Amino acid sequence: MKRRELFGSLASAFKPKQEALIRPSYFKDESAFDKECLQCDGKCATVCEEHIIKIGEDKIPYLVFSESGCTYCDECAIACELGVLHVDFKSNINAKFEIDVVKCMSWHNTMCFSCKDPCLDDAIIFDGVFRPEIDMNKCTSCGFCVKVCPADAITVEVKQYEQSSD
Ligand code: SF4
Ligand code: SF4
Ligand code: SF4
C-alpha cells in the first residue's frame, strides 16, 4: 500500500468524474440490492476502510474511485447481514477501465508513469515508454489507477454483458 499511497498523493487534488453506478464485488444476484438494501443502514459503506462505498438515495451501495480503490479485503461482504454481499461470491468488480488517449499525456509524447506504479497487477502496458493501454485480462478493476492520473484520463464504466444474437 505504501507504493499506492506515494503515487496517490501526487495527484490527489484531481477528482475524476464517474457517472456509472458501479456495485461492490461479492454479489450474486444484482436484484437483491433492490430487495434488501432498503432495510439496511448501509453497513457495507461503514466498514469499508478505503471509503469507496457510497450509499445512494435509493439506499443501494455504489463505488466511487476518485479517492481510492478496492483492496478486496472482504469487509463489506462480512458486514452484510442480509446476504446481498457474501465472500463466496467474490469476483472482480464489474467495471471496465480505459485510458482516454485524447487526455492521456503519454499519448501526446509527455513521459508519465503515474498510473503504472499503483497498478499492482501490472495491467497497464506501455508501448516502450509511451501510449499506455489497460489489459483487461490482467485488470482486477480495483480502481487504484483512477485518482493518480494527473490528466483525468482513466475512465470507468459498468461492463456490459454480451447479448446473445439469434
Ligand atoms: S472489499 Fe474492502 S476495500 Fe473493497 S469495497 Fe469491500 S470493504 Fe471496501
Ligand atoms: S450491507 Fe448489504 S444490505 Fe446493507 S446496504 Fe450493503 S449490500 Fe445492502
Ligand atoms: S483498475 Fe485495473 S489498471 Fe487500474 S490499477 Fe486496478 S488493476 Fe491496474
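Quick caveat: nothing in here was measured; it's all calculated off a predicted structure. In each ligand, atom 1 is the first atom listed, and ligand 1 is the first ligand listed. Values below: every heavy atom of this structure, side chains too, minus hydrogens, waters and symmetry copies.
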Task: Reference residue C70; test side chain to side chain contact (heavy atoms under 4.5 Å, CB included); the match among T140, I53, I93, N92 - done: I93
TODO: Count the heavy atoms belonging to other residues, nucleotides or ligands that lie under 6.0 Å from CD of Q39, then report whether that count exceeds 12.
DONE: yes
Open item on the list: I need the atoms of ligand 3 closer than 4.0 Å to a non-hydrogen atom of C119, numbered in the order shown.
Closed with: 3 (S), 5 (S), 7 (S), 8 (Fe)
Task: Numbered atoms and elements of ligand 3 in range of I124, under 4.0 angstrom, heavy atoms - done: 3 (S)
Open item on the list: Tell me the closest heavy-atom pair linking I125 and D122, and the distance in Å.
Closed with: CD1-O, 3.7 Å
TODO: Using heavy-atom distances, let me know which of G83, C37, A45 sits nearest atom 8 (Fe) of ligand 2.
DONE: C37
TODO: Could you pull out the N/O/S protein atoms under 2.8 Å of atom 6 (Fe) of ligand 1, ignoring any water?
DONE: C76 SG
Open item on the list: Any side-chain to backbone donor/acceptor pair from K147 onto E67? Under 3.5 Å, distance only.
Closed with: yes
Task: Element-labelled atoms of ligand 3 that are located less than 4.0 Å from some non-hydrogen atom of G143 - done: 1 (S), 6 (Fe)
TODO: Heavy-atom distances under 4.0 Å are what count here, so tell me which part of I154 touches ligand 3: side chain, backbone, both or neither.
DONE: neither
TODO: May I ask you to check whether F97 and F65 place their ring centers less than 6.0 Å from one another?
DONE: yes
Open item on the list: Can you name the atoms of ligand 3, numbered from 1 with element, that are less than 4.0 Å from a heavy atom of D121?
Closed with: 7 (S)
- [ ] Kindly identify the option in C40, G56, A32, C80 whose heavy atom sits closest to atom 5 (S) of ligand 2.
- [x] C40
Open item on the list: The test is salt bridge (Lys or Arg N to Asp or Glu O under 4.0 Å); show your working for D88 and K90 and say whether it passes.
Closed with: CA-CA 6 Å; D88 286 353; K90 186 173 190 165; over 6 Å; no
TODO: Quick one: pull up SG in C112 and CG in N109 and give me the separation to the nearest 0.5 Å.
DONE: 13.0 Å
TODO: Specify side chain, backbone, both or neither for T140, according to which of its non-hydrogen atoms lie closer than 4.0 Å to ligand 3.
DONE: both
TODO: Could you grab the distance from atom CG of L63 to atom CD1 of I52, nearest 0.5 Å is fine?
DONE: 4.5 Å
Task: With E98 via side chain to side chain contact (heavy atoms under 4.5 Å, CB included) - residues at least two apart - done: K96, T155
TODO: Check whether any N, O or S atom of C142, backbone or side chain, sits closer than 2.8 Å to atom 2 (Fe) of ligand 3.
DONE: no
